[in-house]
*Asks:* 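The structure that follows is given in the form of structure tokens.
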Amino acid sequence: MSVDAEGRVRSWTLEPSLPRYRPPEGAIDAHCHVFGPADRFPFSAKAKYKPQDAGPEQLFALRDRLGLSRNVIVQASCHGTDNAATLHAIAISEGRARGVAVVDPAISDVELQALHDGGIRGIRFNFLKRLVDDAPKDKFLEVAGRLPAGWHVVVYFEADTLAELRPFLDALPVPVVVDHMGRPDVTQGPDGADMRAFRALLDSRDDIHFKATCPDRLSTQDPPWEDFIASVRPLVEAYPDRCLWGTDWPHPNMESRIPDDGALVDVIPRIAATPELQRKLLIDNPTRLYWSD
């Protein structure tokens, strides 16, 4: 673990490998974050973790190294509802980034439009109790009903809370993207209870998407994360028009098990085995959600 003099941790490798797999031109990293720089974009007083700076210049250098073309920057929980760091990264991306914000449910329509003008195309609701103190479903539903046209909601939850969240998810009035497939136990295999419950959610409405991401978080194994691949490949094949992929860089809270981003890219052809599936996963589906205008 790398900890600086201020007690801030680094959760990403400084020298990611070059992936063997070459993504198609236009490929999108649809789940990544920026941290700070903290002297310009301070962390929230409620932040559950304090990372070292991982700014947009680092993110875009990684994008180019991995052979990717665009980024979807998801507001990190350490920045709370102040989306300035995410908006700054989008602003200097030369049109190659869009974003997902975290907002106070009382946000005004004028403020939502300002986020839209800054490249935001969705808002994120986090239900991981170790990362957030409060997740008011009624207020979340109210703000979801006021989003600018074309926006969606991103939800982050763990598999054991899916049944409890179903009424809320069913009531969302806009398309939904589920982070990391709701963190299923991939050791159960593709037909395990967690994947069956998640498939039932996907089957309940045709505008729910998922991110086939984070083998480093979900697998109990070392790379190449065979249990993750065995569980997730059938899901991508069954729902080819609703899957997204991303690195999750700079891997919040993974400082004790830092993944190699090149190895993460090499998972892509193993969960999306054909060029057609790879194009849907990396280009068509995220473009529809984030660059439709």
*Asks:* May I ask you to decide if R98's main-chain N or O and R70's side chain share a donor-acceptor pair within less than 3.5 Å?
*Replies:*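 No, R70 side chain to R98 backbone: no donor-acceptor pair under 3.5 Å.
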*Asks:* Is it the case that one hydrophobic cluster holds both F125 and W151, taking links as side-chain heavy atoms less than 4.5 Å apart, direct or via other members?
*Replies:*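 Both belong to a single hydrophobic cluster.
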*Asks:* Between the main-chain N or O of G80 and the side-chain N or O of Q75, is there a donor-acceptor pair closer than 3.5 Å?
*Replies:*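 Flag set: sc Q75 to bb G80 pair under 3.5 Å.
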*Asks:* A side-chain contact here means heavy atoms from C-beta on lying under 4.5 Å apart; do H251 and P259 qualify?
*Replies:*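 H251 reaches P259 side chain to side chain.
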*Asks:* Do F210 and Y239 have side chains that get closer than 4.5 Å, going by heavy atoms?
*Replies:*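 Side chain of F210 against side chain of Y239, heavy atoms only: contact under 4.5 Å found.
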*Asks:* Show me, pair by pair, the donor-acceptor contacts under 3.5 angstrom made by side chains of residues 58-67, not counting sequence neighbours?
*Replies:*
| from | atom 1 | to | atom 2 | distance (Å) |
| --- | --- | --- | --- | --- |
| Q58 | OE1 | G55 | N | 3.1 |
| R65 | NE | P16 | O | 2.9 |
| R65 | NH2 | P16 | O | 2.9 |

*Asks:* What do you reckon, is CD of E276 surrounded by more than 12 foreign heavy atoms closer than 6.0 Å?
*Replies:*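 Check fails, neighbour count at 12 or below.
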*Asks:* Among pairs that include at least one residue of residues 90-112, which meet ring pair (Phe, Tyr, Trp, His ring centres under 6.0 Å), considering only residues two or more places apart or in two chains?
*Replies:*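 Checked against ring pair (Phe, Tyr, Trp, His ring centres under 6.0 Å) - neighbours excluded - no pair reaches residues 90-112.
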*Asks:* Please list, chain by chain and in numerical order, all residues satisfying ring-ring contact (aromatic ring centres under 6.0 Å, His included) with F157, sequence neighbours excluded.
*Replies:*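 Checked F157 against ring-ring contact (aromatic ring centres under 6.0 Å, His included); zero matches.
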*Asks:* Excluding sequence neighbours, so at least two apart, what forms ring-ring contact (aromatic ring centres under 6.0 Å, His included) with H33?
*Replies:*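 So H33 forms a ring-ring contact (aromatic ring centres under 6.0 Å, His included) with H31.
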*Asks:* Is there a side-chain contact between R217 and M254 in this structure, where contact means two heavy atoms from C-beta onward sitting under 4.5 Å apart?
*Replies:*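 R217 vs M254: side chains touch.
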*Asks:* Listed by chain and number, what are the ring-ring contact (aromatic ring centres under 6.0 Å, His included) partners of Y290, not counting sequence neighbours?
*Replies:*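 So Y290 forms a ring-ring contact (aromatic ring centres under 6.0 Å, His included) with H152.
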*Asks:* How about F43 and Y49: are their ring centroids closer than 6.0 Å?
*Replies:*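 No, they do not, as the ring centres are separated by 6.0 Å or more.
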*Asks:* Considering only distance and modelled atom types, tabulate donor-acceptor pairs under 3.5 Å from the side chains of residues 192-200, sequence neighbours left out.
*Replies:*
| from | atom 1 | to | atom 2 | distance (Å) |
| --- | --- | --- | --- | --- |
| D194 | OD2 | D185 | N | 2.8 |
| R196 | NH1 | D191 | O | 2.6 |
| R199 | NH2 | P234 | O | 3.3 |

